[in-house]
Amino acid sequence: MEDEMFEQIVAVFHSLVTWVAAGAMVFGGVVPYIPQYRDIRRTQNAEGFSTYVCLVLLVANILRILFRFGRYFETLLLWQSIIMIATMLIMLNLCTSVRTATELNTKRRSFIDFDWSYFWLWSRFVDYMQCVLAFTLMAAYVTYLFLESALFVETLGFLAVFTEAMLGTPQLYCNYQNKSTEGMSIKMVLMWTSGDTFKTGYFLLTQAPVQFWTCGLLQVLVDFTILFQVYYYSRFPQKPVSHTASHTTSAKAL
């Protein structure tokens, strides 16, 4: 009798851990952006956050979803990608509205201008949606054409993982351009670092394919470089640039 009760307790505990782990897997990637979202809403300043981070994650998760048509992976990862795409669109909507309200330049840029010098620097959220939709349709069509090719499917999966590994590089470049990490949520980067370190350790312990843990190590390296920028620019503040130069840099970073 006691053995049966103990087995039931273990089964309930196992189910609870499984549900918690599943929730962490699906929603864990969204958590780092909550403090950044709140900071932008509070300050009405999106200069410290690079919207190219959103671009990287949108591309990576769209490719991951398409990869599932060629090689099945667990549904939790599919939901993780869907929720991350929704989160990045919410971040883009906020950054665009804040930037439009504070932008000195009254000239509006749109996706249908097809001006590559202003790629991902458009004035309306709908332009970003048009770009994401166009990329999704184009990538889906190419995937449909080459879905029977194992080489294409494996390459698609690698591109999805590698693109996600490049997540921190837009923020790294944004900080370098601004010569400051002001406006960037340090909590967000710390959450990036802890999550990427845990994920890479998991890949190494489970002997995951080499592209998984190598891309994971690259991601952790970028995270620590951003943290070094936080230390360096706070310890050694850079000389302020002129108003004109500052405005140009901000436009490029966003």
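None of these values were measured; they are calculated from a predicted model.
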*Using modelled atom types only, decide if a donor and an acceptor are shared between the side chain of T96 and the backbone of R124 within a distance under 3.5 Å.*
no

Say you draw a straight line from [atom1] of [X] to [atom2] of [Y]; how long is it, rounded to the nearest 0.5 Å?
{"X": "L63", "Y": "T143", "atom1": "CG", "atom2": "OG1", "result": "7.5 Å"}
{"X": "I34", "Y": "Y37", "atom1": "CD1", "atom2": "OH", "result": "11.0 Å"}
{"X": "C215", "Y": "M166", "atom1": "SG", "atom2": "CE", "result": "7.0 Å"}
{"X": "Y33", "Y": "I40", "atom1": "OH", "atom2": "CD1", "result": "11.5 Å"}
{"X": "L58", "Y": "I85", "atom1": "CG", "atom2": "CD1", "result": "6.5 Å"}
{"X": "C54", "Y": "F49", "atom1": "SG", "atom2": "CZ", "result": "4.0 Å"}

Same hydrophobic cluster for [X] and [Y], using side-chain heavy-atom links shorter than 4.5 Å among ILVMFWY?
{"X": "V56", "Y": "M191", "result": "no"}
{"X": "L156", "Y": "L145", "result": "yes"}
{"X": "L92", "Y": "V53", "result": "yes"}

*side chain to side chain contact (heavy atoms under 4.5 Å, CB included) evaluation trace for I65 with I82*: CA-CA 8 Å; I65 291 174; I82 293 172; 4.1 Å; yes

Looking at every non-hydrogen atom in both residues, tell me the closest pair between [X] and [Y] and how far apart they are.
{"X": "L121", "Y": "R99", "result": "C-NH2, 3.8 Å"}
{"X": "L151", "Y": "T155", "result": "O-OG1, 2.7 Å"}
{"X": "L66", "Y": "A140", "result": "CD1-N, 3.8 Å"}
{"X": "R41", "Y": "Q44", "result": "O-NE2, 3.0 Å"}
{"X": "V30", "Y": "M84", "result": "N-CE, 4.0 Å"}

*Given the rule in the side chain to side chain contact (heavy atoms under 4.5 Å, CB included) test, do Q219 and W192 qualify, once you have shown the distances and angles that lead to the verdict?*
CA-CA 9 Å; Q219 209 166 351; W192 279 355; over 6 Å; no

_What verdict does the side-chain hydrogen bond (donor to acceptor under 3.5 Å, both in side chains) test give for N178 and E182, after you've listed the backbone C-alpha separation in whole Å, the side-chain angles of each residue and the deciding distance to 0.1 Å?_
CA-CA 9 Å; N178 293 337; E182 184 178 357; over 6 Å; no

*Apply side chain to side chain contact (heavy atoms under 4.5 Å, CB included) to V222 and I226, showing your working.*
CA-CA 6 Å; V222 173; I226 295 175; 4.3 Å; yes

Are more than 12 heavy atoms, taken from residues, nucleotides or ligands other than [X], located less than 6.0 Å from that residue's [atom1] atom?
{"X": "I112", "atom1": "CD1", "value": "no"}
{"X": "F152", "atom1": "CZ", "value": "yes"}
{"X": "Y233", "atom1": "OH", "value": "yes"}

*Please test K187 against Q36 for side chain to side chain contact (heavy atoms under 4.5 Å, CB included), starting from the C-alpha separation and ending with a verdict.*
CA-CA 8 Å; K187 292 179 182 178; Q36 183 68 74; over 6 Å; no

*Taking the six-membered ring for Trp, is the centroid-to-centroid distance between F125 and W122 below 6.0 Å?*
no

*Are Y232 and F236 an aromatic pair by the rule of ring centers under 6.0 Å?*
yes

*Run through F119, W120, F135, F111 and flag the one making a ring-ring contact (aromatic ring centres under 6.0 Å, His included) with Y128.*
W120

